[in-house]
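Here the structure comes first, spelled out in structure tokens, and everything after it is commentary.
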Amino acid sequence: MSSEILDNLTEPQLAAVTHKDGPMLVIAGAGSGKTRVVTRRIAWLISQGVWPSQILAMTFTNKAAREMRERVAALVGQAPQNIGTFHGCCARFLRRDIDKLDCGRTRDFTIYDDGDQKSIIKAIITEKRDLPKGVTPSFVAQFISNVKNGDAPYETVAVEMECPCSVKDIIELAQDYEKRLIACNAVDFDDLLRLTVDLLRKVPGMRDIYHNRFRYLLIDEYQDTNHLQYELMKLLVNEQQNVHVTGDPDQSIYSWRGADYHNIMSFGSDFPQAKIIKLEQNYRSTPSILNAANELIKNNSHRFDKNLFTENPDGVQVADLLTENDRSEAEWIRRKIAGAHAHGHPWRNFAIFYRTNAQSRTFEEEFIHYGIPYQLMGGVRFYDRKEIRDFLALLRLKVNPCDQQAFLRVVENFPQCNGIGHVTMNSIIRQAEESGRPLLEFLSSQQFRDSQKGNSTKAHRLRILSNWLDLIVKQPVTPVLDAVAGIEKASDFIENLQKQYGTENLSARKENMESFISRAADFTKNYPEASLADYLEDVALVADVDAHDPEADSVVLMTLHSSKGLEFPCVFIAGCEDGLLPHSLSCDRPSEEDIEEERRLFYVGITRAKRAAYLTHVKIRFRRGMLTAADPSPFLGEIPEGLRKRIEYKDGIERIRTRDYYDTPYIPPPKKNHGLRWSY
DNA sequence: AAGACGGAGGTTTTT
DNA sequence: CCTCCGTCTT
């Protein structure tokens, strides 16, 4: 056994690493070396003779999966294949076994993301007129997701969600949506999990096969699992109950997406023999930071009993800073960072977190003005840019010739399809369905061209479209780079950008396309055997946080949500104001649960900091086009005075504050639109 | 079917 | 302040 597998581990870490059979829960506080424990444990299992292929490890992000794979490989020289995200693993299972399940899809199914989902739903709502106003695409999407995620029947979900239309109508919408997905041979994100659960539950013998294949199951960030993921876990657990979950209930910040931290709270009762280990020593932060965070999170009532401590040397006090407005907030932070940089601190040591993406703008302007390098996470995803989505639609149509959604997008956005509108498209889709052939195959066939006789403009246009699509069909699907480059050429993509957008952001769009090609080239280098379908799956399942580049020397700007799992020497949390943090919309009917989740979000932010944390708030914030008087976040007052240095910054001068709003007890404002507002 | 205009609405978003 | 719709116009 490679000796380093067990090197430098504390008592509880060692116990967690060397636990072999039976269920185990590791409650891993922020910065307590969780990743190290999980990776060492995988390496240890392998060193004990477990085959790497018998280990299944599921994470929430690609980044976590990649990191885990790399670190295990560094320890034992080989990385297990089955480390991936929940959705990625499920997609792999379904690619292999979906035929065995009677769900209307084949193994070449396409994965639809939120955008595709929304546009299908919108189309269905429009088709079905006379629905009340409240039936928005997002409501229907939420309804469908809730139905797929839970065990409750449609009716119950509809009542619970206070459905604005009749139960019959909403059920019909959901069923139409499902039919549409099946017609496109597509699945949505929830389906990846749901169909895998069905596969294990309904297909005889499946569970045994999977139990045999995966002897050891590991789940990371267990506090963020939703109902389906929980079901999946239970189905995958074998007779020896070799299930190992790690997480921290205090860092559960995704309940609005269905995550349920009760899953982690009740692991002990789900598995009465479970061994429970708590990792409470923090290796990341100074005592000042950790104490402040501990004091804050103590205010949550639903918690797993634990108390983080550290043996790190102490550093500077946590500071809370008050400035006049959002501009001066950015100015102070920029000066602080620039000053430190002048003393030799690299830019990458600094991160700014905020509650809403809209807040990033002020910082960007400030940093551009002063020439400070920064990387912005979030906002519009690379693969969500319009021109990229257009191109992807073409690729998708090629891979899945039934993909109506992709077809519609192509027709709407490619100049080759100018002059062809909704009416024509829908009639073509119907004709294809009647002919029983996949849409693309039907359209690009000689037969279709022959059927478009005559010299009418429409027939002419359709023949051109058909020829063009035929050219796309004839491109190779592997290697990926050849496929992508071939289709780019065959579609005249770059020239079309010019036609479509004129000079409007043209160079940026061209750059995006170049970047897309070079990403495809990278992918091809890593997976020379992969097909276009594999590539599209990879693209469908990546997120932008994966793009954070810790090597680049730049200040990092991101939301509090995306900061989870990262660490920085110096952290600024901007906009610590009532209404922003906690956010007023999340607390519309301020249930204690909502407030507690916002508090956890703040807790996550603070515990990212290794050496220094600055919590900033302003008196007046420019928001939604108006100046808004802002009160400090009630959470600031929950950090005791002794743990919090209070600074005020005004007219370029910094001074210590002695008195604050929150020296007096906090009284919640009576209405949603509290405070003073005045128009510009 | 494409462009122009006005109104509404605007957390977070691992996949 | 922004962006995203829907509708109205050509």
Side-chain angles (χ1 to χ4, degrees), chain A residues 58-65 84-91 111-115 117-118 122 126 133 136-138 141 145 187-193 220-221 223-226 228-229 251-259 326 353-359 361-362 365 377-381 383-384 386 411-413 415 417-425 457-458 461 500 537-546 548 558-566 575 579-588 594 597-598 600-602 604-605 621-628 679-680:
Chain A
M58 294 197 281
T59 64
F60 278 85
T61 65
N62 292 297
K63 197 174 141 210
T85 63
F86 270 96
H87 293 82
C89 291
C90 287
I111 300 168
Y112 276 2
D113 65 18
D114 299 356
Q117 195 186 29
K118 279 265 167 67
K122 224 170 75 189
T126 333
K133 262 224 139 94
T136 59
S138 58
S145 179
V187 301
D188 62 26
F189 284 141
D190 288 330
D191 286 334
L192 288 171
L193 304 171
D220 194 24
E221 306 276 18
Q223 78 281 356
D224 285 332
T225 48
N226 64 20
L228 276 177
Q229 287 156 337
Q251 293 185 63
S252 164
I253 52 173
Y254 284 102
S255 79
W256 49 276
R257 272 194 94 154
D326 38 324
F353 305 149
Y354 34 77
R355 179 64 230 262
T356 66
N357 277 313
Q359 288 167 259
R361 225 190 142 85
T362 330
E365 281 164 9
M377 317 300 305
V380 185
R381 266 181 11 129
Y383 291 107
D384 277 345
K386 192 170 174 299
V411 173
E412 271 165 19
N413 295 298
C417 309
N418 267 354
I420 301 168
H422 281 83
V423 183
T424 319
M425 289 192 293
T457 350
K458 194 172 131 190
R461 278 178 180 155
Q500 248 184 85
E537 173 162 322
D538 191 74
V539 168
L541 297 178
V542 294
D544 249 14
V545 237
D546 299 337
H548 170 235
M558 64 169 84
T559 62
L560 283 161
H561 280 90
S562 16
S563 75
K564 198 174 77 175
L566 302 173
L580 257 187
L581 189 71
H583 199 282
S584 51
L585 281 188
S586 77
C587 307
D588 208 15
D594 289 332
E597 177 146 323
E598 295 284 310
R600 290 194 290 269
L601 191 55
F602 196 30
V604 165
R621 180 169 294 277
F622 188 64
R623 195 146 83 105
R624 295 230 198 120
M626 57 182 95
L627 292 169
T628 315
S679 226
Y680 224 17

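Sequence lines set the chain letters: A, B, ... in the order given, protein chains first and strands last, and positions in each chain run from 1.
- Comparing Ala540(A) and Ala358(A), the nucleotide of DNA chain B nearest to each residue sits closer to the 5' end for Ala358(A).
- Among Asp594(A), Thr356(A), Leu601(A), the single residue meeting the side-chain contact (heavy atoms from CB on, under 4.5 Å) criterion with His583(A) is Thr356(A).
- For the pair Thr61(A) and Thr59(A), the tightest heavy-atom approach, listed with the atom from each and the gap, is O-OG1, 3.0 Å.
- Per the geometry, CG belonging to Asn226(A) stands 15 Å off P belonging to dT14(B), to the nearest Å.
- Separating the P atom of dT12(B) from that of dC5(C) is a span of 16 Å, rounded to the nearest Å.
- Straight-line distance from the CH2 atom of Trp256(A) to the C1' atom of dT14(B): 9 Å, rounded to whole Å.
- Contact record, Leu560(A) with Gly605(A): CD2-CA, 3.7 Å, taken as the closest heavy-atom pair.
- Judged purely by atom type and a 3.5 angstrom limit, Glu537(A) has no side-chain atom pairing as donor or acceptor with the backbone of Ile111(A).
- Residue Glu597(A) contributes atom CD, which lies 16 Å from atom P of dT11(B) at whole-angstrom precision.
- Side-chain atoms of Arg624(A) lie closest to dG10(B) of the nucleotides dT14(B), dG10(B), dT12(B).
- Among the nucleotides dC2(C), dT12(B), dT13(B), the one closest to any side-chain atom of Arg361(A) is dC2(C).
- Listed candidates were dT11(B), dT14(B), dC1(C). Nearest to the side chain of Thr61(A) is dT14(B).
- In this structure, Tyr354(A) contributes its side chain and Met558(A) its backbone to a donor-acceptor pair below 3.5 Å.
- Taking atom NE2 of His583(A) as the reference point, atom C1' of dT13(B) lies 14 Å away to the nearest angstrom.
- Contact between the side-chain N/O atoms of Asn357(A) and the OP1/OP2 oxygens of dC2(C) is not found at any separation under 4.0 Å.
- Nucleic acid contact class of Asp114(A) (heavy atoms, under 4.0 Å, all strands): base.
- Whole-Å rounding puts the Asp224(A) CG to dT14(B) P distance at 12 Å.
- The distance between atom CD of Gln359(A) and atom P of dG10(B), rounded to the nearest whole Å, is 17 Å.
- Stacking is not found between Tyr254(A) and the pyrimidine-like six-membered ring of the dT13(B) base under the 5.5 Å centre-distance and 30° plane-angle cut-offs.
- Proximity of Thr559(A) to the phosphate of dT13(B): a side-chain N or O atom is located under 4.0 Å from OP1 or OP2.
- In this structure, Arg623(A) does not reach the dG9(B) phosphate: none of its side-chain N or O atoms is under 4.0 Å from OP1 or OP2.
- Taking only side-chain nitrogens and oxygens, Asn62(A) never comes nearer than 4.0 Å to OP1 or OP2 of dT14(B).
- In this structure, Lys63(A) atom NZ and dT14(B) atom P are separated by 12 Å, rounded to whole Å.
- Asp594(A) has its CG atom 15 Å from the P atom of dT11(B), to the nearest Å.
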